[in-house]
Amino acid sequence: MRRDRFAMLVRRRALYRATFGTPEGRMVLADLYAFCRVGDPVIVPGDPMLTGFNDGARRVGLRIAKMLDMSDEEILRMANRPEEIDENS
């Protein structure tokens with residue numbers, strides 16, 4: 001087991017939760033989710049560049065959502081399989 005990686009991910013989750021857990025943080029989170037098109041289609045027919053751009057923005061929103069909702073079990077799984085993620089994921 002990679003305890004150092006587990007500890008880092010637990011700490012990161014705590015930071016995300018502290019940041020977005022306040023009423024003001026939830027307001028910012030709602031704005032980010034809207035801006036990142038979380039829950040909206042990202043495909044723009046005939047425009048692969050804009051589709052890719054939209055998908056990249058959506059990925060940021062989904063990353064935040066994942067960090068906020070990640071369970072200890074998910075963190076353990078990530079800590080034990082670092083090849084599935086990188087430092088920027």
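Small disclaimer: the values here were computed from a predicted structure and weren't measured. All heavy atoms count here, side chains included; hydrogens, waters and symmetry mates do not.
- Put simply, CZ on Arg11 and CZ on Arg13 are 12.0 Å apart, with the number rounded to the nearest 0.5 Å.
- Under the 4.5 Å side-chain contact rule for hydrophobic residues, Leu68 and Leu62 share a cluster.
- Taking OH of Tyr16 as the reference point, atom CZ of Arg63 lies at 4.0 Å (rounded to 0.5 Å).
- For the atom pair Arg5 CZ and Arg12 CZ, the distance stands at 7.0 Å (nearest 0.5 Å).
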Please tabulate, one pair per line, all N/O donor-acceptor pairs under 3.5 Å involving side-chain atoms of residues 27-49, not counting sequence neighbours.
from	atom 1	to	atom 2	distance (Å)
Tyr33	OH	Ala65	N	3.4
Arg37	NH2	Pro41	O	2.9
Asp47	OD1	Met49	N	3.4
Asp47	OD1	Leu50	N	3.0

